Engineer: 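Take a look at the following structure, please.
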Amino acid sequence: MVKFIEIERSQIKEDVNDMFALVIKQIEQASTALLSMDKGIASQVIVFEHKVNSFELKITKEIEDYIALYNPVAIDLRFMLSLLQMTMDLERIGDYARSMARFVKETEMKELNPELVEKTQLKKMIQQVLAMLKTMQVAFTEENAELAHTIFDKDDLIDHIRTLSTDILADYMVNQIPDTSAKICLQLQDVFRKLERTGDHITNMAEEFIFYLDAKVLKHQKKG
Amino acid sequence: MVKFIEIERSQIKEDVNDMFALVIKQIEQASTALLSMDKGIASQVIVFEHKVNSFELKITKEIEDYIALYNPVAIDLRFMLSLLQMTMDLERIGDYARSMARFVKETEMKELNPELVEKTQLKKMIQQVLAMLKTMQVAFTEENAELAHTIFDKDDLIDHIRTLSTDILADYMVNQIPDTSAKICLQLQDVFRKLERTGDHITNMAEEFIFYLDAKVLKHQKKG
Amino acid sequence: MNITLKKRRSQHLAFGIVSLLTYSIVAILIIILAFIIIRGIGVINWEFLSTAPTDGMTGGGIFPAIVGTCYLILGSAAFAFPVGIMSGIYMNEYAPKGKLVRFIRMMTNNLSGIPSIVFGLFGMALFVNKLSFGDSILAGSLTLALLSLPLVIRTTEEALKAIPYSFREGSYALGATKLQTIRRVTLPMALPNITTGLILAVGRVSGETAPILFTCAAYFLPQLPSGVLDQCMALPYHLYVLATSGTNMELQRPIAYGTALVLIMIVLLVNITATVVRRYFANKVKMN
Amino acid sequence: MNKIEVKNVDFFYGNFQALKNISLDIEANKVVAFIGPSGCGKSTFIRIFNRMNDLIPETRLKGSVKIDGVDIYQKGIDVDELRKNVGMVFQRPNPFPKSIFDNVAYGLRVNGLKDKHFICQKVEESLKGAALWEEVKDKLKESAFALSGGQQQRLCIARALAISPSILLMDEPASALDPISTAKIEELIWELKKTYTIVIVTHNMQQAARVSDKTAYFYLGEMIEYDDTKIIFTNPKKESTQNYITGRFG
Amino acid sequence: MNKIEVKNVDFFYGNFQALKNISLDIEANKVVAFIGPSGCGKSTFIRIFNRMNDLIPETRLKGSVKIDGVDIYQKGIDVDELRKNVGMVFQRPNPFPKSIFDNVAYGLRVNGLKDKHFICQKVEESLKGAALWEEVKDKLKESAFALSGGQQQRLCIARALAISPSILLMDEPASALDPISTAKIEELIWELKKTYTIVIVTHNMQQAARVSDKTAYFYLGEMIEYDDTKIIFTNPKKESTQNYITGRFG
Amino acid sequence: MKKFIEKIIQGLFTVSGFVTSIAILLIVLFLFTEGMGLFKNKLVEDGYQLVVNKQNDVSSLSAEQIKDIFDGEITNWNEIGGRNQEIILFRLNDISNYFTDEELGSELEFVPEKISELIAQHPEMIGFIPQQYIDNAFKGKVLEAGKIGFSDIFLGKEWIPTATPVSFYGILPLVTGTLWVSLVAILLALPFGLAAAIYLAEMANHKMRNILKPLIELLSGIPSVVYGFFGLIVIVPLVQKLFHLPVGETGLTGSIVLAIMALPTIITVSEDAMRNCPRSMREASLALGGSKWQTIYKIVIPYSISGITSAVVLGIGRAVGETMAVLMVTGNSAVIATSILQPLRTIPATIAAELGEAPDGGVHYQALFLLGIILFVITQIINSSVEYVSAKNKI
Ligand SMILES: Nc1ncnc2c1ncn2[C@@H]1O[C@H](COP(=O)(O)OP(=O)(O)OP(=O)(O)O)[C@@H](O)[C@H]1O
Ligand SMILES: Nc1ncnc2c1ncn2[C@@H]1O[C@H](COP(=O)(O)OP(=O)(O)OP(=O)(O)O)[C@@H](O)[C@H]1O
Ligand SMILES: [Mg+2]
Ligand SMILES: [Mg+2]
Ligand SMILES: O=P([O-])([O-])[O-]
């Protein structure tokens with residue numbers, strides 16, 4: 001294979017990696033903002049979202065160029081297609097980070113009810129999502145299929161927490177709380193939903209990446 | 001261009017079209033199930049979801065093959081890449097249809113409060129989403145960029161309804177209703193969320209498609 | 001800059017010398033032709049071409065010599081062309097590639113390198129004496145045929161070799177046999193070049209003197225030969241005789257010029273025919 | 001039954017073994033492409049199917065090659081007949097220096113056909129089959145050399161079709177052509193596979209990808225992998241194949 | 001200032017106009033590829049830059065061609081000097097029947113250089129520049145014909161580099177080579193563009209896509225489009241270009 | 001049936017394929033059987049004997065000595081190791097000086113007897129007498145006549161095939177004559193031929209080539225007698241005048257004619273070789289800044305050097321074997337020439353000039369065949385070297 005094609009290829013991989021890092025930072029900051037109801041940090045997340053977007057545009061363009069210019073086949077093509085989908089997933093995750101930040105920024109709530117946080121296992125969920133994201137990044141940079149496989153189990157936990165949270169939030173809303181909390185509960189519900197979707201997208205990424213590495217179609221097998 | 005490449009290309013387009021039709025049907029049925037709380041129809045939607053998934057797998061594979069075998073460039077490559085992304089969007093929309101159906105199937109609620117439906121403009125929202133979806137399909141089959149452009153405006157309305165719905169639901173929850181409704185409200189909130197996301201995905205599709213047709217990057221321009 | 005100038009100067013000098021030498025060759029050729037044409041043209045008329053020499057070759061024409069040359073051409077062609085062409089076909093189509101073909105080709109080359117006088121010696125020893133044809137058209141023709149054989153073989157071989165193997169493959173792949181392939185594809189394709197070669201061979205035969213000196217040529221025959229075992233006159237030998245050994249040089253000279261001119265005309269004719277044939281076939285391929 | 005069945009074929013040029021223990025089956029009405037680096041034995045292999053290698057002295061074949069169930073290397077096989085059944089198209093267009101009509105009629109005539117009417121009909125049919133009829137129908141009597149390279153190659157295909165083969169061998173049929181003519185030939189192959197079993201050698205991997213149903217990858221006289229073309233080009237099983245098609249080879 | 005500036009160039013072979021009003025600028029240290037269907041004038045155009053077309057009788061050029069700001073078709077231009085500045089590599093590798101060393105030294109010697117030490121040094125440098133040094137350093141005295149096709153082509157590149165040109169013209173430099181050698185040449189071009197301005201003609205669109213920074217598409221003697229290679233291959237402005245690169249041409 | 005006919009035709013082709021080999025074989029066979037017969041012959045003309053008085057000490061003579069004796073160069077026996085006596089020559093037609101017609105008999109029936117008598121009477125006499133007159137009663141001594149040896153031929157400096165009592169077949173004059181003429185011819189032709197080849201291959205434009213090429217072909221097509229004729233009438237007087245010679249028919253004249261005749265060969269073969277130098281090679285050189293002339297002498301000529309060599313050798317071959325033209329203009333004097341301005345004689349010219357007069361099967365006839373062999377061998381050597389050169393080129 002011609003050297004400069006390899007160069008181009010690793011350039012794209014590097015860009016995806018950078019995007020990864022950025023998205024991880026966004027989720028971390030959004031989480032921090034959420035747990036501490038820090039509107040400053042939240043604003044920062046919102047501001048940085050366009051960077052995620054432009055990363056996506058840039059990488060998509062690069063991949064399109066790569067395919068158009070170098071006509072990759074087999075492993076090379078799969079790599080590009082998986083990068084393309086992973087980029088889309090990352091962008092979506094970035095979106096979620098912004099949504100969470102926006103909630104923090106726009107809500108009138110001063111702080112999260114610690115008991116609610118405790119009961120809904122919000123912290124655990126956030127940790128789990130971040131752990132997944134970081135694992136995925138390592139799996140990606142090292143092209144490690146085994147590591148990518150470990151992600152699927154973690155996602156189950158997230159789904160579980162999310163399912164529980166609906167009841168807890170409903171419970172909370174009905175029984176305990178002052179006026180505004182109904183809306184806040186709805187919004188919090190949204191936050192959980194987003195974290196869950198983040199997990200889903202990370203799982204997707206793992207699938208895409210394993211598809212590239214193993215040439216096996218994992219997608220929709222669990223669900224089917 | 002070699003004839004059989006054209007044949008292959010239109011084959012893929014046809015498959016995407018079929019997937020489109022299926023997804024529209026799913027959304028229609030899910031909406032019907034939702035509005036009438038018909039668990040039978042809901043079950044059907046859930047059963048059919050795997051068909052959507054296998055469509056996605058099939059088309060993705062076809063596109064991969066097409067790129068690997070025929071090395072498309074320029075307009076051909078863009079077409080394939082946009083199809084790839086549109087397929088992902090369609091699959092996601094299919095997912096939402098299933099989620100809505102699952103809500104219908106699993107809830108203990110016998111029927112939707114007509115007033116709530118009225119107030120939240122649920123019907124209008126559903127109509128809007130379906131209209132967008134159908135418009136998109138026509139734009140797609142006819143490769144009509146103008147038509148695709150009309151979709152963006154429609155999405156704004158959906159976003160608007162969704163924003164209002166949160167307050168209404170919160171209001172409802174707090175003031176009027178028997179025990180179970182807090183959870184149901186949360187779940188309904190989810191339904192609105194999903195419809196809104198469906199709108200977003202349709203918008204995405206329009207963007208992708210216009211990208212192919214016009215070679216303009218529309219994505220992230222509005223939002224940015 | 002210096003080097004450029006030097007390069008330019010040496011180029012000018014070299015090109016000047018080369019052109020000068022080349023044009024002097026052209027000048028020589030023109031002198032030869034002009035000399036013979038100018039002196040010979042006055043001699044040539046119908047009578048010169050159609051009557052026999054008279055008065056101890058100091059008068060009359062060269063008719064018997066022309067006829068004799070024609071006989072020799074026909075006789076040698078009758079033998080050399082079929083054998084030569086078949087030999088060429090054998091070498092290029094049938095003989096196992098490698099040593100055998102190389103050997104045959106070497107032999108052919110060697111044959112073509114042998115001086116014409118040696119052919120004369122050989123023809124005399126074999127045809128005239130051994131086979132007792134005597135000095136005759138037959139012996140002369142066979143000798144000339146041997147002489148022209150390498151030319152025929154080589155042109156045939158070259159012509160066949162120039163045809164890409166793919167044409168043969170194309171034919172075989174359609175179920176044709178080897179002979180069918182040769183007859184229908186290879187030979188027709190080679191024909192233009194072979195024809196040109198044959199015409200040139202004729203040209204060569206018509207001008208040869210040494211081989212027929214002792215095998216055929218007659219100093220003077222008032223009547224035309226009546227069979228292949230008769231001697232005949234031939235233009236080149238006639239010219240030789242006229243030029244070197246005559247009774248009356250003064251009177252013979254004009255006849256000699258005329259004869260030389262006729263010989264040159266034959267050469268011109270042959271060359272022109274060859275060119276025309278080549279052009280004709282080339283156009284046929286192009287035009288169609 | 002498979003159209004072509006090759007079992008454990010070894011092929012030698014003198015002492016040099018050009019093919020090593022090749023076995024593969026080819027189904028009827030499929031296009032099979034042979035790819036591989038230069039000198040890997042693709043041409044040698046394709047020429048085995050119509051015994052074109054017989055013309056090269058000191059060659060030897062071991063193993064069995066069956067076409068329609070008959071071993072074509074057994075004794076008593078009429079090679080000329082075999083070649084009528086197995087048409088071949090070569091790398092460079094090689095029409096005969098005859099008229100277009102005579103080119104196509106050639107195969108019929110050398111096989112003893114005389115009936116003018118039948119020949120005319122067959123020529124038209126073959127030219128139509130090779131998608132050339134429309135372009136040449138008004139100048140059938142003109143020299144084949146007046147055609148463009150791509151047309152000449154289609155003429156050669158028509159010529160092969162005229163003797164009604166069931167198999168078509170093509171050794172890099174488009175490598176001497178420009179991209180446009182190449183596209184036409186590829187289209188033609190696509191059409192022809194409805195009626196013929198086609199084996200094609202190509203240096204151009206994209207071409208193999210485009211036209212063939214199955215692809216065999218050769219390397220140093222061995223057949224490394226033989227599978228559906230889509231699989232070969234998206235997910236080959238062998239590292240070596242992957243390296244070759246992605247250009248990482250050598 | 002652009003390295004090469006072409007303005008309104010028309011070119012004629014006798015009465016036939018092979019190039020029609022071409023204008024384009026080439027920046028220094030870029031690779032520019034010319035693509036287009038056969039006979040569109042790519043070769044004619046590239047040969048304008050070192051006035052190689054001068055050798056063909058009855059050719060005529062209108063318009064101006066500037067290299068480093070100097071019109072190379074003006075009176076008083078020393079063509080030999082120009083050709084030293086504008087190296088050229090041809091379609092088929094064409095090393096001289098001399099030793100490897102002498103091949104590379106040829107250009108130096110015809111230009112009057114005699115200093116042995118300097119020549120040796122320059123030869124080594126050029127061979128290194130052409131990524132061939134490692135492969136041939138032990139056999140510099142051997143005939144260049146003993147090299148493989150790909151090596152020969154790199155030798156030809158080294159030969160061109162030896163006279164220190166600033167521009168390299170390559171007319172289908174890899175079309176006679178196998179894919180592996182082709183890849184090596186492409187890699188080399190990639191390296192060379194750090195030092196040289198490179199103009200390359202290629203029939204292989206993917207090659208143009210891979211190696212060049214900018215691409216010009218020619219059709220029937222006209223330059224239809226000239227833009228960044230990425231744009232040409234993903235989003236060309238002209239319908240004709242699009243049709244050509246997607247194979248819909250003709 | 002089809003197959004059978006095909007086999008037969010193939011057989012025909014095969015036979016034809018070997019026809020040149022057979023021809024060469026036959027040529028070799030016939031030349032050698034005739035030519036080698038020469039060495040079976042005695043020095044003295046067939047059917048004659050040399051006789052001397054029985055007391056004469058000299059018992060054998062070499063060819064040179066015999067010739068000198070009969071030419072009157074040697075007049076005393078002591079010059080050749082005998083006694084100091086004047087040599088008296090006796091040829092058969094001298095017999096009437098010694099005897100009357102009556103003495104010899106009306107039927108000449110007494111001639112043997114009388115000769116025997118005469119020799120016996122004159123110890124200083126040497127006789128050259130037909131074999132038939134020497135009977136058993138002969139009282140003199142028959143000198144031993146040696147056979148013609150290789151050295152007589154290959155080292156012999158004289159070619160006098162018709163002399164009596166001994167003929168000389170020394171080929172040195174002919175060989176040197178041939179070499180002189182051919183080499184000078186090539187030296188003359190070479191610069192012109194090469195220049196024309198360069199001009200045609202490198203410098204001439206299409207139009208010029210189209211004119212020049214047929215002219216060269218014409219030059220090669222003109223029969224050699226015509227060249228000879230032209231030489232005889234134009235070049236001979238020219239040479240005579242230019243160099244103030246008694247006769248214009250000299251080696252140089254032959255060389256000039258041969259040079260003109262060898263030109264087409266040299267031009268065509270070397271031009272072909274130069275044209276074979278690929279255009280790409282030329283373009284490469286020009287693209288490296290080489291001038292046109294540099295390209296020619298640094299690239300084109302080295303590239304085609306073996307072709308040019310072949311051309312030269314073939315030219316020599318043509319010159320060596322050329323018969324008629326040389327025969328007509330070189331003067332045909334069979335002496336070892338020391339200058340190119342002398343008349344001289346080449347091998348082919350000798351054969352052509354003398355074969356007609358040499359009786360079939362005679363010594364002279366055989367000697368001419370020997371010349372044929374020599375010519376054959378020379379040309380074969382030339383051919384082989386051409387083959388060698390071009391074979392080397394291919395590798
Ligand atoms: N006639 C022959 N005699 C000896 N060896 C041969 C002959 N033809 C081919 N070979 C050798 O057999 C091997 C396979 O050759 P073949 O022509 O089948 O390769 P290929 O895959 O078709 O290559 P390419 O892509 O260059 O056409 C090569 O190593 C070649 O050198
Ligand atoms: N020496 C010439 N004399 C006359 N016309 C010529 C000559 N060389 C080229 N042409 C014509 O000029 C046009 C352009 O030729 P050119 O060789 O530049 O095309 P190209 O784009 O390089 O084609 P290819 O891709 O086949 O190399 C063609 O139509 C060709 O026929
Ligand atoms: Mg976004
Ligand atoms: Mg091959
Ligand atoms: O917002 P999503 O489409 O990822 O659910």
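Residue numbering restarts at 1 for every chain, and letters A, B, ... go by the order of the sequence lines. In this text the structure is predicted, and so the values were computed from the model without any measurement.
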Engineer: At a 4.5 Å cut-off on heavy atoms, which part of E:P165 comes close to chain F: side chain, backbone, both, or neither?
Structural biologist: neither

Engineer: For atom NZ of E:K62, is the number of surrounding heavy atoms from other residues, nucleotides or ligands below 6.0 Å larger than 12?
Structural biologist: no

Engineer: At what distance, to the nearest 0.5 angstrom, does OG of F:S291 lie from CG of E:D78?
Structural biologist: 10.0 Å

Engineer: Identify which part of E:R92 has an atom lying under 4.5 Å from any heavy atom of chain F, answering side chain, backbone, both or neither.
Structural biologist: neither

Engineer: For F:A287 versus E:M88, what's the shortest heavy-atom pair and its separation?
Structural biologist: CB-CB, 3.9 Å

Engineer: Is the count of non-hydrogen atoms from other residues, nucleotides or ligands lying under 6.0 Å from E:D115 atom CG greater than 12?
Structural biologist: yes

Engineer: Quick check for you: to the nearest 0.5 Å, what is the distance between F:L286 atom CG and E:R51 atom CZ?
Structural biologist: 13.0 Å

Engineer: Is it the backbone or the side chain of E:L55 that comes under 4.5 Å from a heavy atom of chain F, or both, or neither?
Structural biologist: side chain

Engineer: Could you measure the distance from the CD1 atom of F:I299 to the NZ atom of E:K98? Nearest 0.5 Å is fine.
Structural biologist: 4.5 Å

Engineer: Heavy-atom distances under 4.5 Å only: say whether E:F96 touches chain F with side chain, backbone, both or neither.
Structural biologist: both

Engineer: Distance from F:M281 atom CE to E:F90 atom CZ, nearest 0.5 Å?
Structural biologist: 11.5 Å

Engineer: Which atoms form the tightest heavy-atom contact between F:S280 and E:N94, and what is the distance?
Structural biologist: O-ND2, 2.7 Å

Engineer: For the pair E:N111 (side chain) and F:L288 (backbone), establish whether a donor and an acceptor sit closer than 3.5 Å, ignoring hydrogens and angles.
Structural biologist: yes

Engineer: Does E:K141 have more than 12 heavy atoms from other residues, nucleotides or ligands lying within 6.0 Å of its NZ?
Structural biologist: yes

Engineer: Could you tell me whether F:E283 and E:R47 make a salt bridge, using a distance below 4.0 angstrom between a side-chain N and a carboxylate O?
Structural biologist: yes

Engineer: Using every non-hydrogen atom in the two residues, find where E:R159 and F:A284 come nearest and quote the distance to one decimal.
Structural biologist: NH2-CB, 3.1 Å

Engineer: Using a 6.0 Å cut-off, check whether atom NZ of E:K66 has over 12 heavy atoms from anything other than its own residue.
Structural biologist: no

Engineer: Identify which part of E:V86 has an atom lying under 4.5 Å from any heavy atom of chain F, answering side chain, backbone, both or neither.
Structural biologist: backbone

